[in-house]
There are 2 protein chains.
Amino acid sequence: MSLPHAILTALLEKPSSGLELTRRFDRSIGYFWSSTHQQIYRELGKLEEAGQIRALPSTQPARGRKKEYEVLPAGREALAAWVALPEDPKQIRDPLLLRMRAAAVVGAPGLTAELRRHLVLHEKQLAEYLAIERRDFPPGRDSEEDRLRHLVLRGGIDLENFWIGWLTRALAQDSGQVTPARPSGP
Amino acid sequence: MSLPHAILTALLEKPSSGLELTRRFDRSIGYFWSSTHQQIYRELGKLEEAGQIRALPSTQPARGRKKEYEVLPAGREALAAWVALPEDPKQIRDPLLLRMRAAAVVGAPGLTAELRRHLVLHEKQLAEYLAIERRDFPPGRDSEEDRLRHLVLRGGIDLENFWIGWLTRALAQDSGQVTPARPSGP
DNA sequence: GTTATCATGTAACAGGTTACATGATTTT
DNA sequence: AAAATCATGTAACCTGTTACATGATAAC
């Protein structure tokens, strides 16, 4: 039940076409709710039929022609209602943790390399978030909207830091226990 | 593509029936890959048909009768192959972060209470993990299997700590900025 | 005019959720 | 014998993914 609300949020921030939304889901919004253009078009259709958004009447609709949407009052109300709804945190679902548990049973050649690879990816993601933070939230700008959006970004940053910390500790343990300690150099 | 491998892992740890698996998915395995009995039965059927597991021949099969499965060599090989496969970390997908971003646009009455509720839930989950850690990983037991399983549990613990930290900071900011500072007491 | 790319879609499928159905076993 | 619960399953639906199709516009 989250994608339509992600779309409503994005459209309230700025009316857009399906492709524009897709691009924005590859950046800001997608950092905590990713999606593909197929899903977005499908959902835009449903939202329009439900009377929560409408296509701007500026251009006549046709396949291949750009179609921009804006949120109708009903859509804004639906979004506000959803925000107010309590929802429990989901159980973790992480393939890497699962693979590690499986590795405890069937063995794990190459798992260390995989952990290192993930570490690099998370470090890259962290650097990206930090760049966004510097760009979008310089000290001083503190409206309520900025505060909330900054908190969301902080969530992403903290989460990457969690992974980096965990992976680093896992790798340290790994090299300390599995590979015999071996000073570098020839 | 993870559920079948979660099931294979669980069955290698201990041959079980569908219901027993369901219960174990509510505890240990489910802490990083949750599932329901419907999905588990469906997947057990597929795995049996694919020749990766088989029902123990001790009882004749019938609806309502317990049916225990064990992993066949093909299943163990498939699991080992999957463990060795590289797989990128997924994008974050969190409804709470999304709701916060939406709240920046449509307002957020009651969001503070929701954050507090989540904080309590994460603290409970953390306490549960720590109890498991004390019970299953007392200092000293350091086989390779234990080491990997302990790392997985540590992942869960660190993740709960991430949420607790983030929520605490969010709430501190919230009370500091929105509600006027007000000393407790009459 | 051909090629690239912008833009909107369709179709088929896989994975996950919710609601319901039904047989077997144990407890009272 | 009735009720509880153990145990397996079906069906419908929703969400998400992958592959493909097609029209409009811009660049060369």
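A note on names: the letters A, B, ... follow the listed sequences, proteins ahead of strands, and every chain is numbered from 1.
In this structure, CG in A:L47 is found 5.5 Å from CD in A:Q52, a value given to the nearest 0.5 Å.
Between D:dT15 and A:K46, a contact under 4.0 Å exists linking OP1 or OP2 to a side-chain N or O. Contact check, B:R42 against D:dA11: no side-chain N or O comes under 4.0 Å of OP1 or OP2. Distances shown here put a side-chain N or O of A:S17 below 4.0 Å from the OP1 or OP2 atom of C:dT8. Distances shown here put a side-chain N or O of B:Y41 below 4.0 Å from the OP1 or OP2 atom of D:dT8. Of the side-chain N and O atoms in B:R23, one or more sit less than 4.0 angstrom from OP1 or OP2 of D:dA7.
In this structure, B:Q38 atom CD and C:dT17 atom P are separated by 10 Å, rounded to whole Å. Remark: P of D:dA24 and CG of A:L19 are 16 Å apart, rounded to the nearest angstrom. Taking atom CG of B:D26 as the reference point, atom P of D:dC6 lies 13 Å away to the nearest angstrom. Put simply, CZ on A:F25 is 10 Å from P on D:dG16, counting in whole angstrom units. For A:R93 and C:dG15, the CZ to C1' distance is 8 Å, given to the nearest whole Å. Between the C1' atom of D:dG16 and the CD atom of B:Q39 lies a distance of 13 Å, rounded to the nearest Å. Spacing between atom CD1 of A:I7 and atom P of D:dT15 amounts to 11 Å, rounded to whole angstrom units. Nucleotide D:dG23 holds its P atom 21 Å from the NZ atom of A:K66, rounded to whole Å.
Comparing B:Y69 and A:T36 by the nucleotide of DNA chain D that holds the closest heavy atom to each, the one mapping nearer the 5' end is B:Y69. The residue among B:E20 and A:S34 whose nearest nucleotide of DNA chain D lies closer to the 5′ end is B:E20.
Side-chain contact between B:W33 and B:H5 is absent, with no heavy-atom pair separated by less than 4.5 Å.
Taking the six-membered ring where tryptophan is involved, the planes of B:Y129 and B:Y31 are perpendicular, since the angle between them exceeds 60° and thus also 30°. Between A:H37 and A:Y41, the ring planes are perpendicular. Angles over 60° get that label, and only those under 30° would be called parallel.
A distance-only check finds no donor-acceptor pair linking the side chain of B:R101 to the backbone of A:V152 [under 3.5 Å].
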